[in-house]
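Written below as structure tokens is the structure these notes are about.
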Amino acid sequence: MHKSKTTLREISVVPHIERPRSAGPNRAPWHDSTFAHEMVAVMTVGAPDSEVALETSRLLLRPWRVAEAVVQRELWTERDPRVPPHRRIDTDGHPTVAELEDSIRTNKVWSTGLLAVERKTSRDVIGYCGLVVSGRGSVGEPELAFELLRRVWRQGYATEASLAVLEWARSSGYERLWATVWDWNTASRRVLAKVGFTETDRKEVDAVHGTTLFTTRRL
């Protein structure tokens with residue numbers, strides 16, 4: 001397993017960070033799926049149209065490009081069958097690549113929330129990582145969220161990207177972050193443990209899809 005060498009010095013962070021808005025009412029299990037309309041982006045910088053870019057030894061975290069909607073579609077197709085149906089490709093093939101392209105064009109979460117994770121050597125996008133307000137954590141304490149393509153699992157990328165986001169959050173003045181994860185998602189639970197999140201007593205039980213665990217980390 002790759003051990004991340006990410007340090008604050010290695011992360012390129014755009015200055016003048018805005019603090020997050022209050023948590024909204026919507027909820028989503030971020031480590032398994034995502035609907036862009038359910039998120040509020042919090043990695044905003046300065047003016048409303050400004051963007052965030054983070055860099056580690058192997059990765060670049062930056063805004064999504066419309067042509068990369070095919071990667072988002074692949075993430076949707078790979079999701080575990082235990083994920084709720086509305087967070088997987090439906091019987092009619094939605095969301096389509098075109099629908100995901102439109103989401104990238106119109107929803108700021110893909111530029112200032114869940115950043116595309118690009119490998120610097122191969123220049124390919126392998127998933128997303130970032131901060132969002134989902135309405136599940138405390139006000140002013142957003143959630144860490146990540147999802148990577150299966151073919152790049154077990155190479156330390158999720159850990160490395162998450163550490164970059166944690167350094168960004170710390171340097172921006174956040175004091176605590178949250179993360180939610182299905183109890184059966186052992187891979188994401190391992191990543192969260194590696195980057196310092198601890199499980200709390202709070203849980204949300206779904207008799208069909210499993211239990212959502214709430215984890216937190218002080219910065």
Side-chain angles (χ1 to χ4, degrees), residues 6 11-14 17-18 20-21 24 26 28-56 58-79 83 86-89 93-134 142-153 155 157-169 172 177 179 188 191:
T6 304
I11 302 171
S12 301
V13 182
V14 186
I17 310 299
E18 290 181 356
R21 287 179 279 174
N26 297 309
W30 303 112
H31 294 286
D32 300 288
S33 57
T34 175
F35 270 131
H37 69 269
E38 293 181 335
M39 303 180 232
V40 176
V42 298
M43 298 179 74
T44 51
V45 185
D49 293 331
S50 56
E51 298 171 340
V52 178
L54 311 178
E55 184 176 0
T56 73
R58 297 188 297 170
L59 304 172
L60 177 65
L61 280 66
R62 44 80 173 167
W64 283 83
R65 298 163 186 158
V66 173
E68 293 159 354
V70 292
V71 179
Q72 293 192 5
R73 185 64 160 56
E74 188 174 354
L75 288 170
W76 276 78
T77 62
E78 290 185 346
R79 287 175 184 152
V83 172
H86 70 287
R87 300 185 179 285
R88 291 182 276 120
I89 302 296
H94 298 287
T96 64
V97 171
E99 289 168 337
L100 293 170
E101 288 175 343
D102 185 62
S103 178
I104 293 172
R105 289 190 190 96
T106 60
N107 198 304
K108 289 298 180 184
V109 76
W110 301 120
S111 58
T112 57
L114 299 181
L115 305 178
V117 178
E118 176 185 321
R119 291 191 289 189
K120 292 161 68 174
T121 54
S122 52
R123 303 295 296 273
D124 59 331
V125 173
I126 58 174
Y128 65 74
C129 186
L131 295 180
V132 289
V133 170
S134 65
E143 282 195 54
L144 170 71
F146 56 84
E147 184 177 17
L148 300 184
L149 295 170
R150 289 180 180 267
R151 62 175 177 269
V152 301
W153 287 7
Q155 298 181 52
Y157 292 126
T159 300
E160 186 171 336
S162 295
L163 287 172
V165 173
L166 291 179
E167 291 289 359
W168 179 93
S172 302
L177 300 180
S188 288
V191 171

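The figures here come from the full heavy-atom set of this structure, side chains too, leaving out hydrogens, waters and symmetry mates. Position 1 is the first residue of the sequence; numbering continues from there. Quick caveat, the model's predicted, so the values are computed rather than measured.
Taking the side chain as every heavy atom from C-beta outward, V165 and L144 approach each other to under 4.5 Å. L54 has its side chain out of reach of L60: every pair of non-hydrogen atoms, C-beta onward, lies at least 4.5 Å apart. The side-chain heavy atoms of L114 and C129, taken from C-beta on, include no pair separated by under 4.5 Å. The closest side-chain heavy-atom distance from V132 to P142 is not below 4.5 Å.
To the nearest 0.5 angstrom, Q72 atom CD is 10.5 Å from L149 atom CG. The line from CH2 of W168 to CG of L131 is 5.5 Å long, rounded to the nearest 0.5 Å. In this structure, CD in E167 is found 10.5 Å from OG in S172, a value given to the nearest 0.5 Å. Atoms CH2 and CD, from W76 and E147 in turn, are 9.5 Å apart once rounded to the nearest 0.5 Å. For the atom pair W110 CH2 and L100 CG, the distance stands at 8.0 Å (nearest 0.5 Å). The CD atom of E78 sits 11.0 Å away from the CD1 atom of I89 when rounded to the nearest 0.5 Å.
A pairwise comparison of heavy atoms in L115 and P63 identifies CD2-N, 4.3 Å as the closest pair. Taking both residues in full, the closest heavy atoms of R123 and K120 are given as CD-O, 3.4 Å, listed atom of the first, atom of the second, then distance. T56 and A164 get closest at one heavy-atom pair: CG2-CB, 3.5 Å. For the pair I126 and R119, the tightest heavy-atom approach, listed with the atom from each and the gap, is CG2-NE, 3.7 Å. Summarising the geometry of M43 relative to V52, their closest heavy-atom pair is O-CG2, 2.5 Å, with the distance given to 0.1 Å. Of all heavy-atom pairs between V117 and A161, the closest is CG2-CB, 4.3 Å.
E99 places a side-chain N or O within donor-acceptor distance of the main-chain N or O of T96, the cut-off being under 3.5 Å. Although no hydrogens or angles enter the test, the distance criterion places a donor-acceptor pair under 3.5 Å between the side chain of E160 and the main chain of R58. Listed for the W64 side chain is no donor-acceptor partner under 3.5 Å among the backbone atoms of A69. Not one N or O on the side chain of S162 forms a donor-acceptor pair closer than 3.5 Å with the backbone of T159. Remark: side-chain polar atoms of R73 are paired, donor with acceptor, to backbone N or O of P95 under 3.5 angstrom.
With sequence neighbours left out, the side-chain hydrogen bond (donor to acceptor under 3.5 Å, both in side chains) criterion links E68 to R62.
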Open item on the list: With side chain to side chain contact (heavy atoms under 4.5 Å, CB included) as the criterion, how do L75 and Y128 come out once you've worked through the C-alpha distance, each side chain's angles and the decisive distance to 0.1 Å?
Closed with: CA-CA 10 Å; L75 288 170; Y128 65 74; 4.0 Å; yes
